[in-house]
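The structure appears right after this line, and notes come after that.
In what follows, chains are A, B, ... by sequence order, proteins preceding strands, each numbered from 1.
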Amino acid sequence: NAGVTQTPKFRVLKTGQSMTLLCAQDMNHEYMYWYRQDPGMGLRLIHYSVGEGTTAKGEVPDGYNVSRLKKQNFLLGLESAAPSQTSVYFCASLRRGGLGSYNEQFFGPGTRLTVL
Amino acid sequence: AQTVTQSQPEMSVQEAETVTLSCTYDTSESDYYLFWYKQPPSRQMILVIRQEAYKQQNATENRFSVNFQKAAKSFSLKISDSQLGDAAMYFCAYNLGNEKLTFGTGTRLTIIP
């Protein structure tokens, strides 16, 4: 049971290049999330998905696209990278606790992206 | 919209002593969840402790405990017998269940040997 994994762990891009970050979870969770973490700002939600084939915008969606073609995978794409997208990106999936129990988000190890 | 405020960007504590990290939040909801996450230099987000708003009893997990004041919308974390491994960024977070986590800006905790 690997939990939530992210690929790659590090990446350097030039302005205008594109790339895709892959998030995978083996816990059969329906909900998945992409956050970005910037110094002094905590984690902010970019996009999320409530199930296979669905996506929705979060707090800071501009410049990103996502896809959830398979339940276990949630992809985050940057079509034309900008220096403002330099950040650490975290993926998370949600374990629903059911009646009387709480839901818990499990986080991947993060991807550090630098856009020059 | 819900907001989470951590007013202490940095804190330090002597090893074996006790430290309290502050968190306040703003919400109009009555049922919600509050969390403290630890982020060590490895970047991994680790759940430290959680609190359900409908529970009056403060949550505890070994050396970690919270002081949950619902009326004041305050959720502080107390770390007892601080250890070197406790050094990390600590984030307070809020959510309504299935929805996204709303994070505070974090408190960097340094442990002084």
Side-chain angles (χ1 to χ4, degrees), chain A residues 2-6 8-10 23 25 29-51 54-61 66 74 87-113, chain B residues 1-10 21-26 29 31-55 57 59 61 66 68 75 77 88-108:
Chain A
V4 180
T5 59
Q6 292 182 231
K9 288 185 171 50
F10 302 92
C23 176
Q25 52 96 3
H29 292 165
E30 293 288 344
Y31 287 63
M32 296 185 74
Y33 310 81
W34 275 108
Y35 295 88
R36 61 177 286 173
Q37 182 181 21
D38 302 295
M41 300 192 72
L43 277 73
R44 294 180 293 166
L45 184 68
I46 304 171
H47 286 280
Y48 65 100
S49 168
V50 301
T54 74
T55 63
K57 293 180 180 180
E59 188 181 354
V60 288
V66 288
F74 194 27
S87 188
V88 179
Y89 292 85
F90 286 94
C91 177
S93 68
L94 179 75
R95 181 193 68 191
R96 301 183 70 176
L99 187 65
S101 182
Y102 75 102
N103 299 329
E104 182 178 351
Q105 289 195 20
F106 291 83
F107 286 84
T111 295
R112 181 177 292 280
L113 174 66
Chain B
Q2 293 81 17
T3 59
V4 177
T5 301
Q6 294 180 249
S7 59
Q8 306 154 314
E10 297 183 353
L21 309 184
S22 300
C23 173
T24 59
Y25 58 95
D26 185 27
E29 303 291 336
D31 290 330
Y32 49 87
Y33 297 90
L34 296 164
F35 305 85
W36 278 99
Y37 281 88
K38 172 185 178 181
Q39 187 180 44
S42 67
R43 288 203 311 254
Q44 184 69 49
M45 295 292 288
I46 302 166
L47 178 63
V48 174
I49 198 166
R50 69 186 185 280
Q51 175 79 43
E52 293 91 334
Y54 64 86
K55 290 186 177 179
Q57 186 174 6
E61 288 287 344
V66 299
F68 173 50
F75 182 61
L77 174 69
M89 283 289 289
Y90 286 83
F91 291 96
C92 179
Y94 160 104
N95 88 343
L96 291 174
N98 291 344
E99 296 186 12
K100 73 180 180 79
L101 285 163
T102 299
F103 286 87
T105 52
T107 297
R108 182 174 302 280

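If you measure heavy-atom distances from A:Phe106 to chain B, you find no contacts under 4.5 Å at all. Contact of B:Gln6 with chain A is not made at all, since no heavy-atom distance falls under 4.5 Å. For A:Val50, no part sits under 4.5 Å from any heavy atom of chain B, backbone or side chain. For A:Glu59, the part sitting under 4.5 Å from any heavy atom of chain B is the side chain, from C-beta outward, and nothing else. Of the two parts of B:Arg108, neither the backbone nor the side chain holds a non-hydrogen atom closer than 4.5 Å to a non-hydrogen atom of chain A. Of the two parts of A:Leu45, only the side chain, counted from C-beta on, holds a non-hydrogen atom closer than 4.5 Å to a non-hydrogen atom of chain B.
Considering NZ of B:Lys100 and OH of A:Tyr48, their distance stands at 9.5 Å, rounded to 0.5 Å. Atom CG of A:Leu43 sits about 11.5 Å away from atom OG1 of B:Thr105, to the nearest 0.5 Å.
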Any chance you could lay out the side-chain contact (heavy atoms from CB on, under 4.5 Å) test for B:Gln39 and A:Gln37, step after step, and finish with the verdict?
CA-CA 12 Å; B:Gln39 187 180 44; A:Gln37 182 181 21; 2.8 Å; yes

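One N or O on the side chain of A:Tyr35 and one on the backbone of B:Leu101 form a donor-acceptor pair closer than 3.5 Å. At least one donor-acceptor pair closer than 3.5 Å links the side chain of B:Gln44 to the backbone N or O of A:Phe107.
In terms of heavy-atom proximity, A:Phe10 sits nearest to B:Arg43 at CE2-NH1, 3.9 Å. Closest approach of A:Gln105 to B:Tyr37, counting heavy atoms only: O-OH, 3.6 Å.
A 6.0 Å sphere centred on OH of B:Tyr94 holds more than 12 heavy atoms belonging to other residues, nucleotides or ligands.
Listed by chain and residue number, A:Asp38 satisfy the salt bridge (charged side-chain N to carboxylate O under 4.0 Å, His left out) test with A:Arg44 (two or more places apart in sequence, or in another chain).
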